[in-house]
Amino acid sequence: MGREVPFEKIRNIGIMAHIDAGKTTTTERILFYSGRVFRIGEVDDGAATMDWMVQEQERGITIMSAATTCQWRDFIINIIDTPGHVDFTAEVERSLRVLDGAVAVFDAVAGVEPQSETVWRQADTYHIPRMAYLNKMDRVGADFHRAVAMIRKRLQANAVPVQLPIGSEDSFRGIIDLVKDTAIIYQDELGMDFIEVPVPEEFVSEKRLYREHLLESLAEFDDQLLTDYLEGEKITDCQIMAAIRKGTLACRFIPVLCGTSFHNKGVQPLLDAITNYMPSPLEVPPVEGKDPETDDLIYRKVDDHEPLAALAFKVQTDSYVGKLVFLRIYSGSLKTGDIVYNATKGKKERIGRLLKMHANHRQDIQEAFAGEIVAAVGLKETATGDSLCAEGHPIILESISFPEPVITVAIEPKTKADQDRIGTALHRLAEEDPTFRTFTNHETGQTLIAGMGELHLEIIIDRLLREFHVEANVGKPQVAYKETISRNARGEGKYIKQTGGHGQYGHVLLEVEPLPTGKGFEFEDRTTGGIIPKEFMPAISNGIQEAMDSGILAGYPMVDMRAILVGGSYHEVDSSELAYKIAGALALRDAVEKGKVVLLEPIMKIEITVPEEYMGDVIGDFGSRRGRIETTELQGNYQVVKGKGPLAEMFGYATDLRSLTQGRGNYVMQYNHYERASAEVVEQLLKAKGYGFAI
Ligand SMILES: Nc1nc2c(ncn2[C@@H]2O[C@H](COP(=O)(O)OP(=O)(O)OP(=O)(O)O)[C@@H](O)[C@H]2O)c(=O)[nH]1
């Protein structure tokens, strides 16, 4: 069996927005109109089809992205719903990595909100063609033109209306199509019944103005259209559509549409626009990767006959089928039963089943082709970000980069049965979510979990209970500090026991060197003449890493350091892996204590929206939290304050901001970078931990 859907008829799109802008409702409606579900699920009733996890339904927010496939006219649209809360930006990031185009949903009242800005910038990085959908046109205060102006200003995007609303708030009843120069008026509440009519008389002059504006904007990058426009020739719908498509694909033009998903208006034209203006897999640049052996750059064309290249972009545990790996196939094809090569791990894997995912059901398929998004069952070793390819044609696609978790909590299983289950449960959750980590504090023996924010960890704990039936006592959230060194130093480690019988002998001389932020750990052997046999190198490296994990200064993991083996000695009979492992750890401690250990703390990017009258108090309070203000901007009656501040000072900020502003202030916060903590901060922290001394 060959490909059923030609490339030109496939769209892989993401739906991105600020929390509550209406992504889920819009996706629901898309599924409804494309005939996939036969009942409209309301987010508020907890019945939304895309939000299938219990937590999502209860909270009415989307946590995990769910890939779903639907059909509109003769097009196949693969949609990935992405969450809006900043704690889940990793989900957005991974979606953007595999999608060809995105619909940015905005609330027509609020316009551009902080999270839409963050996601927009992420999409800029990936050069994702976008269109904007101004939802909630029915809400009191909805203002189409103000929202367009905000997109243009705050996102510096060439956003141009291709539609105009007919009425707004509760009189919103239809849409003017500036391309076709017609209007549609909705006739029923379900939005199934609408009529296409000439633009109503009272909107003709507004339409004329915005149609001119549209043509002028398009003429900037379409020469033929420019000539025809200047010469007063008639410009056809097809010509306009082609120009919009061209500009959108080149990321030079953002078509703006509008509607109210909740009241079922505007969604069918949105679907048409997705098929008309979003790219097909053929229209995105060939995927780039590296040959794992030579490191040479390789490109793969979107072609079923090329060797397979696919990226695993999400791992999900499913109670029925087990581990599901979501794949974007860039080139070649894939059949059930195929053996594929995981080039990232250097391992062969077998595809057990292939599934097309719909929001609430799945369909077994035998074969999948280039340009498609599918889920595979049976891949045991594959993790998020891994490349799968044809054996003999290895390629490592650029992986997805995820931020480091910044917040930890200690958890303690309540009973012996919980204790037994917790390990597997945490392992599964970490496998699904690359921004979630779990580890044991070697000093206290406590299990710690780490994530991107308080909400993120709350959800994890909730899932532990519901999906894995593990009950745990949960400690207070703590900042995930890290340790590193600030200068080179040397150290020695000896583990020698030679009292009768078979002894132990490990002796290591080490030099440690700081590495740039984010580089993690590197180990290098610079000894010559075989003074320590090569077979002991992994043991030495492991010993060093274990010591780094426990930290030196205050028990936080050490990062960004190179350990260089510069000397040592070996004993024919007594040397063992264990002895070198211990010697490695001792040498590391010795070196690091001589070098200067510094503490790194996570710094967050913060955006606070506050009514003018509370501005002074909020700024004062932010300063006392070691916050640094970068910009302030007046928007209506509100000031938008942007800045950076340490996570350590931001716990409980939601409550404090509420009381400072009588509930009217709002903020979003997101991890930005790790930074060296000042001596005062270190001193306070050590005191709090009971060390009682300063460095
Ligand atoms: N008035 C009005 N309300 C809407 C509209 N679309 C969505 N809503 C409501 O807005 C709220 C948020 O909608 P969602 O679809 O959950 O928004 P979301 O962007 O998916 O939110 P997250 O999943 O939390 O990121 C819900 O209460 C919806 O009923 C609309 O067109 N008009």
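By the 4.5 Å heavy-atom criterion applied to side chains, H393 and E306 are not counted as neighbours. Using a 4.5 Å cut-off on side-chain heavy atoms (C-beta onward), R97 and F313 make no contact. Contact check for Y330 versus L311: side-chain heavy atoms found under the 4.5 Å cut-off. Here the side chains of S168 and F144 are not in contact, with every heavy-atom distance at 4.5 Å or above. Side-chain contact between E367 and R3: absent, with no pair of heavy atoms (C-beta onward) separated by less than 4.5 Å. Annotation: side chain of I184 is not in contact with side chain of I176 (no heavy-atom distance under 4.5 Å). By the 4.5 Å heavy-atom criterion applied to side chains, V103 and L270 are counted as neighbours. Counting only heavy atoms from C-beta outward, the side chains of I365 and E4 never approach each other to under 4.5 Å.
The main-chain N or O of A159 is found under 3.5 Å from a side-chain atom of R152 such that the two form a donor-acceptor pair. In this structure, R11 contributes its side chain and E8 its backbone to a donor-acceptor pair below 3.5 Å. Judged by distance alone, the side chain of N158 and the main-chain N or O of R252 form a donor-acceptor pair under 3.5 Å. A donor-acceptor pair under 3.5 Å is absent between the side-chain atoms of T248 and the main chain of I254, judged by distance alone. Judged by distance alone, the side chain of D143 and the main-chain N or O of V109 form no donor-acceptor pair under 3.5 Å. A donor-acceptor pair is defined here as one N or O able to donate and one able to accept, closer than 3.5 Å; such a pair exists between the side chain of Y186 and the backbone of G266. When atom types are taken as modelled, the side chain of H456 and the backbone of M452 share a donor-acceptor pair closer than 3.5 angstrom. A donor-acceptor pair is defined here as one N or O able to donate and one able to accept, closer than 3.5 Å; such a pair exists between the side chain of E169 and the backbone of G141.
With sequence neighbours left out, the side chain to side chain contact (heavy atoms under 4.5 Å, CB included) criterion links E216 to E212, Y229. Evaluation of the side chain to side chain contact (heavy atoms under 4.5 Å, CB included) rule for K153 yields E633 as partners, not counting sequence neighbours. Applying the ring-ring contact (aromatic ring centres under 6.0 Å, His included) rule to Y667 yields the partners Y653; only residues at least two apart in sequence or on another chain are considered. Applying the side chain to side chain contact (heavy atoms under 4.5 Å, CB included) rule to K9 yields the partners V5, P6, D74, F75; only residues at least two apart in sequence or on another chain are considered. Evaluation of the salt bridge (charged side-chain N to carboxylate O under 4.0 Å, His left out) rule for E233 yields no partner, not counting sequence neighbours.
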- Task: Would you sort out whether N666 and T609 count as a side-chain hydrogen bond (donor to acceptor under 3.5 Å, both in side chains), showing the intermediate values?
- Result: CA-CA 5 Å; N666 232 319; T609 311; over 6 Å; no
- Message: Apply salt bridge (charged side-chain N to carboxylate O under 4.0 Å, His left out) to residues E607 and R154 and explain how you reach the verdict.
- Response: CA-CA 14 Å; E607 182 166 334; R154 283 191 75 172; 3.0 Å; yes
- Message: salt bridge (charged side-chain N to carboxylate O under 4.0 Å, His left out), that's the test. Do R139 and D107 meet it? Break it down for me.
- Response: CA-CA 9 Å; R139 274 188 64 196; D107 175 339; 2.6 Å; yes
- Task: Apply the test side chain to side chain contact (heavy atoms under 4.5 Å, CB included) to residues Q268 and F194: give CA-CA distance (whole Å), side-chain angles for both, the deciding distance (0.1 Å), then the verdict.
- Result: CA-CA 10 Å; Q268 298 98 327; F194 52 84; 3.5 Å; yes
- Task: Walk me through it: do K136 and D20 pass the test salt bridge (charged side-chain N to carboxylate O under 4.0 Å, His left out)?
- Result: CA-CA 11 Å; K136 305 200 182 184; D20 275 356; over 6 Å; no
- Query: Would K642 and I606 satisfy side chain to side chain contact (heavy atoms under 4.5 Å, CB included), going step by step from the backbone distance to the final call?
  - Reply: CA-CA 6 Å; K642 291 188 190 175; I606 300 160; over 6 Å; no
- Given F369 and I329, is the side chain to side chain contact (heavy atoms under 4.5 Å, CB included) satisfied, shown in steps? CA-CA 7 Å; F369 300 92; I329 306 175; over 6 Å; no
- For the pair L271 and Y33, evaluate side chain to side chain contact (heavy atoms under 4.5 Å, CB included) and give the outcome as yes or no after the intermediate values. CA-CA 9 Å; L271 276 162; Y33 293 116; 4.2 Å; yes
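Around NZ of K290, the count of heavy atoms belonging to other residues, nucleotides or ligands within 6.0 Å does not exceed 12.
Remark: R208 fails to qualify as a cation-pi partner of Y210 under the 6.0 Å distance and 45° angle criteria applied to the six-membered ring.
Using a 3.5 Å distance cut-off with no hydrogens or angles, the side chains of S261 and T26 do pair a donor with an acceptor. D303 and S331 form no side-chain donor-acceptor contact under 3.5 Å, judged by distance and modelled atom types alone. Using modelled atom types and a 3.5 Å distance limit, the side chains of N342 and T382 yield a donor-acceptor pair.
With rounding to the nearest 0.5 angstrom, the CD1 atom of I244 is 5.0 Å from the CZ atom of F253. Between the OG1 atom in T27 and the CD1 atom in I15 there is a gap of 3.5 Å [rounded to 0.5 Å]. Atoms CD1 and CZ, on I13 and R130 in that order, are 13.5 Å from each other to the nearest 0.5 Å. For the atom pair E206 CD and L178 CG, the distance stands at 9.0 Å (nearest 0.5 Å). How far OG1 of T260 is from CE of M137: 9.5 Å, rounded to the nearest 0.5 Å. Between E288 atom CD and I395 atom CD1 the span is 9.0 Å, to the nearest 0.5 Å.
A salt bridge links D100 to R328: at least one charged side-chain nitrogen sits closer than 4.0 Å to a carboxylate oxygen. A salt bridge links R73 and D272; the closest N-O separation between the charged side-chain nitrogens and carboxylate oxygens is under 4.0 Å. Note on E196 versus K180: salt bridge recorded, some NZ/NE/NH1/NH2 to OD/OE distance being below 4.0 Å.
Scanning both residues, L257 and P269, for their nearest heavy atoms gives CD2-O, 4.0 Å. In terms of heavy-atom proximity, C70 sits nearest to I79 at SG-CD1, 4.0 Å. The shortest heavy-atom contact between A21 and N135 is O-ND2, 3.0 Å. What you find for D304 and A370 is that their closest heavy atoms are OD1-N, 3.3 Å. Here the closest heavy-atom approach between residue A368 and residue L354 is recorded as N-CD1, 4.1 Å. Pairing each heavy atom of G111 with each of F106, the nearest pair is O-CD2, 3.7 Å.
For residues 236-247, every residue pair satisfying the side-chain hydrogen bond (donor to acceptor under 3.5 Å, both in side chains) rule, not counting sequence neighbours, is listed here: D228-Q239, R245-E283.
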